[in-house]
Amino acid sequence: MGATYREFKGLNLPAFEQEMLENWASQQAFEKSISLREGATPFVFYEGPPSANGMPGIHHVISRTLKDLVCRYKTMKGFQVKRKGGWDTHGLPIELGVEKELGITKEDIGKKITVEEYNKKCREAVLRYKDKWDDITRKMGYWVDLKDPYITFRNEYIETLWWILSELYKKGLLYESVSIQPYSPAAGTGLSSHELNQPGTYKDVKDTSAVAMFKAVDNAKSKFLFDAAGDDQVFFLAWTTTPWTLPSNLGLTVGANIDYVLVKTFNPYTHLPVNVILAKALLGKYFKEEGKDGDFEGYNEKIKLLPWKILTEFRGSQIEECRYEQLLPYEANSAANAGGDPFRVLVDTFVTTEDGTGIVHTAPAFGADDYKVGKKYSIGILTMVDRQGKFVDGLGEFSGRYVKNYKDQKDYEDVNVDIAVKLKKENRAFKVEKYEHNYPHCWRTDKPILYYPLDAWFIKTTAVRDRMVELNKTINWKPKSTGEGRFGNWLENMVDWNLSRSRYWGTPLPIWRTEDGAEEICIGSVAELNEGIRKASDVLGGDVNKNHLHEGILDLHKPFVDEIVLVSPSGKPMHRVPDLIDVWFDSGAMPYAQWHFPFENKEIFEKSFPADYIAEGVDQTRGWFYTLHALAVMLFDSVAYKTCVSNGLVLDKNGNKMSKRLGNVVDPFTTIENYGADATRWYLVTNASPWENMKFDIEGIREVQRKFFGTLYNTYQFFALYANVDGFTFKEKYIPVAERPEIDRWILSSLQSLVKKVTVHMDDYEPTQAGRAIEDFVDEHLSNWYVRLCRRRFWKGEYEQDKICAYQTLYECLETVCRLVAPVSPFFSDMVFRNLNAATGRFNAESIHHIDFPSADESVIDPLLEERMQLAQDTSSLVLSLRKKVNIKVRQPLQKVLIPVLNPAMQEQLQKVEDLIKAEVNVKGIEYLDAGNSFISKKIKPNFVALGKKLGAKMKAVSALLANFTQEDIASLEKQGYYDLDVAGEIVRIETAETEISSEDIPGWTVAAKGVLTVALDITVTPDLEAEGNARELVNRIQKIRKDNGFGISDRIDLKLHAPDILKESLAQFKDYICAEILAETIEWVPASETGTDIEVNDIPLKINVLKKG
RNA sequence: AGAUCCGUAGCUCAGCCUGGUUAGAGCACUACACUGAUAAUGUAGGGGUCAGCAGUUCAAAUCUGCUCGGGUCUACCA
């Protein structure tokens, strides 16, 4: 006896996986999957580097499953897919983690701990959970090269970043500018957008808001206003929720096309007559309709209703360049200090009339929009608040006061209120009220942030915006909306990339400049820096760079780079600007930096750029997806990736985001340990399209395990059991499919159709559809139809043609399904494949991951065959439901079923699967009633698609007429091929093809119907049928006893039986059948007195003795 | 505030692109069968205002618009 198929003892996915992992490791299966494809077309994949300073979560498992399954699939499709792993090691989260651990804050760095020590801590912390990550990578079956990963803190990596920066610098795309950034005075630090987007940073708060009155200056520009007012008091109304910015006010911004009005009224606080300007659309916010053109003469402070009157109306563009008197003048905020030409009316597009007054108080220091418009008009800038968050000196009574309660002072008095009070007293406030709005807070101190001007370095991404948009259109986004909507939109509205971070642990910006800022240099390589180090030492002398002269610079991080002094062409010392760069630059530069390009690996880089495929969470859209794209466009005028799959979030089963805080995170380790990586991966892929948010529920994995893997497992076990008995090892010649039985040709046709479908979906990056198709095949077709119907073929009869056909067919199905499943669930598929291949040696390969993905054999696909098998399945299902209805069990044979056929083709189809149906539902024969048979009653309904187009509005009437058709009408239509209907006096001719006729009923029979298929069952049980039923019942009981006693399936038995005469008679009639079924030589009839097991056959008691032979 | 995805049975999802008259599947539940694959399987049953409103159409879960609810990203508003 040759090799045998390994039979499992139970479905234990985690144990199988453990075994496979050991095999993979000892055989170097992953490495081989790549080396075996040496010379093949590369398929380029980029691994988005995870940060190993946090534990991996289940959401990492989904994105990595997506990465892995595509790489495995492409490998099986014949590509060589190298996957270099990587680690993201810089950035704020790491620093914050270290600070928390050491119990220090940012301010302590350089004081309580040196920068060198601090960065050393960061370097240690960064790969803290690397073991855990490696572990989950291995256990989940993610094949990625972790032996030689790129690590972003390495000098080589940083050197490439510097090279890129210097390239951008040369192209004039790297520049320094002031920018208004979120800043936390309480924490004394600028905040990154990441920090600002921590949950809970935006809070609804009530602030004192004020509508301030800015007094217009009477000059040529504004003359028309004063003329209209007939007064020397004209005010611009501007609203603010941050009155503390008013001392820094330098402009008022209006919309060019917004309509404004000059209104005569009274100040509600001082009751003095005033003329105010505001947007027409916002009049209703400040004035009641009843007060319009009201009683000015009779107004006094007791009267609540303000009278008002529109004096004139004009566009914003008409008041551009009007001037006004400074609202809160002090020594510190003079126009001279502002350094521009302030206190003018400006025009810009960001002004709306949604709230406020349509005139925007503009303080360039404290708002991004303000800064932009201020620069456009050169109104200068005033920063009347220091970095601690308090007013600077020279602001009178406000100097030294905190603009918000940053120091948790118990007796803190809101300076905003005081400013409002002052304005009220001075006839400069028109409306003061508490206003509730959403305002960002520092996540660490819980204090409101403010927007503050800080120096920063930018990459001028806006210069290549159009090209980025254009190239984006060539990227295959999954789903499309991410690329077109979310990403495309983001590109359209892009601003320059703010690179600066004032932190410690990150890539230093390689720019050195002289103290006066007149000369600067951007270093592009370590060699260039080392050369500069020596040169500066030579030129400047002394101790300059003395620690770095010998070996050059050894670590490109702080504080070492900051020790380096370079020398300018004019001989002046240059120091590095202190900024670090955004970590997103690190990851966006990964295509180049992972290869230390252009210093090394030029050829490798050229072959691996751009990527064919990347995949990450959709939250990376503005992160990695963006930075990859931006850098590729700026450096090489190319996309960085051709296909991008963005997966959605993994939510908990209630739809909430998983977070440590809520304690609803799913631990991937225990999940995989309990249910297996295969089931987990299969669940994640098939449950929902990857880009939809997924509600993660352990129950779903359990279901996958039971239903999909359980079925596959059972099918394999079934095959192995009998193949081992018969010694089938595929050594016989492959029997041409055409020579195999109908059912074999059918399952093979379905199999090839499946291969075709799965290939299309996989090529389209739709693994969910592929997985669902496979599931459907395994469950519906393979297990519940093919195996079920063919069971007997495997264990009955001799080892000859039909049996070999069955084995070859089932083997091919199992083998092919495994190959289809392999990319998604790599363990179990490999396991089963190896078990199969060990016996047959069909493939000269160690692992399923080293062979090709199946390609569909079109010649085997027979659509008509698949269609008629569907007919057989439907028919069987209907007959079974009829049996149920009249309570006749399937083991009781029945005489016949009756099927009305609507056309000869249908009959032909049914006849070909007649035997299957008969066997499946245990009937002796099938009779067909042809179309002309008047015995059947038919029903008719319109073919809505066809008739709807033709009839349009008459559809309803025709539908009603058809519903009333008699049997004669239908017969007439069928005979003539058309029928003339009278629709409200108009003759409408309908044709047979425009209707759907089906049989409804067969008088005197119990019928069931599904679609056009109707079946009727003859439920008469004749004595012969009853006897046969008894025989089958007995067989069933004996088989159960055999099994209960643990007999082998081929053990032969002796049977002793005592039965009442009525039963004895019918059993004797089927003696041969019974003996053959239960593997007995003969039935020995014994008297009642003998011992034995009591059983019942159709409610008749009998005694039975089953003994194993020999 | 903008962009985007989602909303169909108790739960997880199909169907929507391309409109067609009984809206499906699995799980769960109930009942009955079946049992040489048994951590299975079959049949039947209950369970739906297809988030809501309006429009287009002979016909809307499906197309359009608006609203509501949920998620994510981005922005932050004087």
Side-chain angles (χ1 to χ4, degrees), chain A residues 10-11 182 193 196-197 202 209 238-242 245 252-253 350-352 354-363 366-370 437-440 451 479 481-482 484-490 493 617-623 648-649 651 653 655-657 686-689 691-695 697 699-700 702-703 705-707 710-711 713-719 721-722 772 775-776 779 783-784 787-788 791 794-795 876-877 880-885 887 889-891 941-948 951-959 1036 1039-1040 1042-1043 1047-1049:
Chain A
L11 176 60
S193 57
L196 214 53
N197 279 305
Y202 282 87
S209 74
W239 179 63
T240 180
T241 54
T242 50
T245 58
L252 293 172
T253 309
F350 66 83
V351 181
T352 68
E354 258 154 44
D355 40 27
T357 62
I359 302 175
V360 178
H361 143 61
T362 304
F366 303 117
D369 286 335
D370 304 43
H437 63 159
N438 205 247
Y439 199 81
Y451 289 86
S481 58
T482 301
E484 280 173 5
R486 188 179 282 210
F487 194 65
N489 215 277
W490 161 255
N493 299 314
V618 69
D619 52 338
Q620 294 294 337
T621 308
R622 270 88 173 211
L649 291 187
L651 309 169
K653 65 175 180 183
N656 297 312
K657 194 177 175 177
T686 56
N687 181 57
S689 279
W691 31 89
E692 275 172 37
N693 289 342
M694 147 172 302
K695 290 181 192 161
D697 188 359
E699 277 308 312
R702 208 173 293 193
E703 190 182 323
Q705 193 187 42
R706 207 175 56 227
K707 199 154 170 57
T711 307
Y713 165 86
N714 281 333
T715 308
Y716 169 80
Q717 284 288 80
F718 172 83
F719 168 82
L721 180 69
Y722 294 109
R772 284 175 178 170
E775 265 177 356
D776 192 54
D779 189 46
S783 171
N784 281 328
V787 173
R788 196 153 57 84
R791 278 202 305 249
F794 291 91
W795 54 267
S876 302
S877 160
L880 290 174
S881 91
L882 285 174
R883 276 181 172 275
K884 167 73 194 159
K885 200 181 277 174
N887 248 327
K889 59 179 85 175
V890 181
R891 264 200 302 275
K941 69 175 187 182
N943 177 342
F944 282 94
V945 180
L947 266 185
L951 298 177
K954 287 190 284 264
M955 193 66 219
K956 270 203 171 128
V958 170
S959 185
N1036 166 257
Q1039 299 290 31
K1040 194 171 164 60
R1042 282 181 62 112
K1043 198 181 169 195
F1047 293 0
I1049 51 170

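Numbers restart at 1 for each chain; the letters A, B, ... are given by sequence-line order, proteins then strands.
- Using a 4.0 Å cut-off, some side-chain N or O of Arg891(A) falls inside it from OP1 or OP2 of C34(B).
- Counting all heavy atoms, side chain and backbone alike, Ser959(A) lies closest to Phe944(A) at OG-CZ, 4.1 Å.
- The side chain of Lys707(A) places no N or O atom within less than 4.0 Å of a non-bridging phosphate oxygen (OP1 or OP2) of A39(B).
- Nucleic acid contact class of Phe794(A) (heavy atoms, under 4.0 Å, all strands): none.
- Under the 4.5 Å side-chain criterion, counting only non-hydrogen atoms from C-beta, Ser783(A) is not in contact with Arg788(A).
- Comparing A61(B) with U22(B), their P atoms sit 12 Å apart, to the nearest whole Å.
- In terms of modelled atom types and a separation under 3.5 Å, the side chain of Tyr713(A) and the main chain of Gly10(A) share a donor-acceptor contact.
- Note on Asn714(A): every side-chain N or O is 4.0 Å or more away from OP1 and OP2 of A40(B).
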For nucleotides 7-10 of chain B, give me every protein contact, N/O to N/O, under 3.5 Å, one pair per line with atom names.
none

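- In this pair, Phe719(A) and Tyr716(A) present their aromatic rings tilted. The plane angle is within the 30 to 60° band.
- Electrostatic pairing of Arg772(A) and Glu775(A) does not count as a salt bridge here, judged by no charged N lying under 4.0 Å from a carboxylate O.
- Phe718(A) places its CZ atom 13 Å from the C1' atom of U35(B), with the value rounded to the nearest Å.
- Every stem involving RNA chain B, taken as at least 3 paired positions in a row under the Watson-Crick or G-U wobble test at 3.5 Å, is listed here: B:1-7 with B:68-74, B:10-13 with B:24-27, B:29-33 with B:41-45, B:51-55 with B:63-67.
- The residue Ser209(A) sits apart from the nucleic acid: no heavy atom pair falls under 4.0 Å.
- Between the CG atom of Asn784(A) and the C1' atom of U41(B) there is a distance of 6 Å, rounded to whole Å.
- Two residues are said to be in side-chain contact when any heavy atoms from C-beta on lie closer than 4.5 Å; Asp779(A) and Asn784(A) meet this criterion.
- With rounding to the nearest 0.5 angstrom, the CG atom of Asp776(A) is 12.0 Å from the OG1 atom of Thr686(A).
- Separating the CD atom of Glu699(A) from the P atom of G26(B) is a distance of 18 Å, rounded to the nearest angstrom.
- Between the P atom of G15(B) and the CG atom of Asp776(A) lies a distance of 14 Å, rounded to the nearest Å.
- Rounded to an integer number of Å, the gap from Arg791(A) CZ to C34(B) C1' is 9 Å.
- Residue Asn1036(A) places none of its side-chain N or O atoms closer than 4.0 Å to OP1 or OP2 of C34(B).
- Heavy-atom minimum distance, Thr241(A) versus Ser209(A): CA-CB, 4.0 Å.
- Distance check on atom C1': A23(B) versus A60(B) gives 13 Å, rounded to whole Å.
- Going from atom OH of Tyr716(A) over to atom P of U38(B) covers 14 Å, rounded to whole Å.
- Among all heavy-atom pairs drawn from His361(A) and Trp239(A), the shortest one is CB-O, 4.2 Å.
- The distance from atom CZ of Arg883(A) to atom CZ of Arg891(A), rounded to the nearest 0.5 Å, is 11.0 Å.
- Across G26(B) and A40(B), the matching C1' atoms stand 15 Å from one another, rounded to whole Å.
- In this entry the distance linking CG of Asp779(A) with C1' of A14(B) reads 16 Å, nearest Å.
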Summary of protein contacts for nucleotides 17-25 of chain B, nucleotide by nucleotide, where a base hit scores B, a sugar-phosphate-only hit scores S (4.0 Å, heavy atoms): ---BB----
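- Taking the C1' atoms as reference points, A3(B) lies 43 Å from G46(B), given to the whole Å.
- Between Ile359(A) and Thr253(A), every side-chain heavy-atom pair lies at or beyond the 4.5 Å cut-off.
- Only the C1' atoms considered, G2(B) is 25 Å distant from C63(B), to the nearest whole Å.
- Under 4.0 angstrom from either OP1 or OP2 of A40(B) there lies at least one side-chain N or O belonging to Arg706(A).
- Residue contacts shown for Thr362(A) are absent, as no nucleic acid heavy atom lies under 4.0 Å away.
- Rounded to the nearest Å, the gap between the C1' atom of U64(B) and that of U56(B) is 7 Å.
- Taking 4.5 Å as the limit, every side-chain heavy atom of Phe366(A) sits out of range of all side-chain heavy atoms of Thr242(A).
- Contacts of Leu880(A) with the nucleic acid, taken as non-hydrogen atoms under 4.0 Å apart, involve only primed sugar atoms and P, OP1 or OP2.
- C58(B) and U72(B) have their C1' atoms separated by 42 Å, with the value rounded to a whole Å.
- Among the protein residues, Arg883(A) comes within range of no part of the nucleic acid, since none of its heavy atoms lies under 4.0 Å from any strand.
- Where Gly710(A) and Asp370(A) meet RNA chain B, the nucleotide closest to each residue was compared, and Gly710(A) sits on the side nearer the 5' end.
- Nucleotides G71(B) and A25(B) have their P atoms positioned 32 Å apart, rounded to a whole Å.
- As judged by a 4.0 angstrom heavy-atom cut-off over every strand, Glu703(A) is placed among residues touching the sugar-phosphate backbone only.
- Residues Ala363(A) and Thr245(A) share a closest heavy-atom pair of CB-O, 3.8 Å.
- Rounded to whole Å, the distance from CG on Asp697(A) to P on G26(B) is 19 Å.
- At a cut-off of 3.5 angstrom, counting only N and O atoms as typed in the model, there is a donor on one side and an acceptor on the other between the side-chain of Ser783(A) and the base of A37(B).
- When atom types are taken as modelled, the side chain of Thr362(A) and the backbone of Val360(A) share a donor-acceptor pair closer than 3.5 angstrom.
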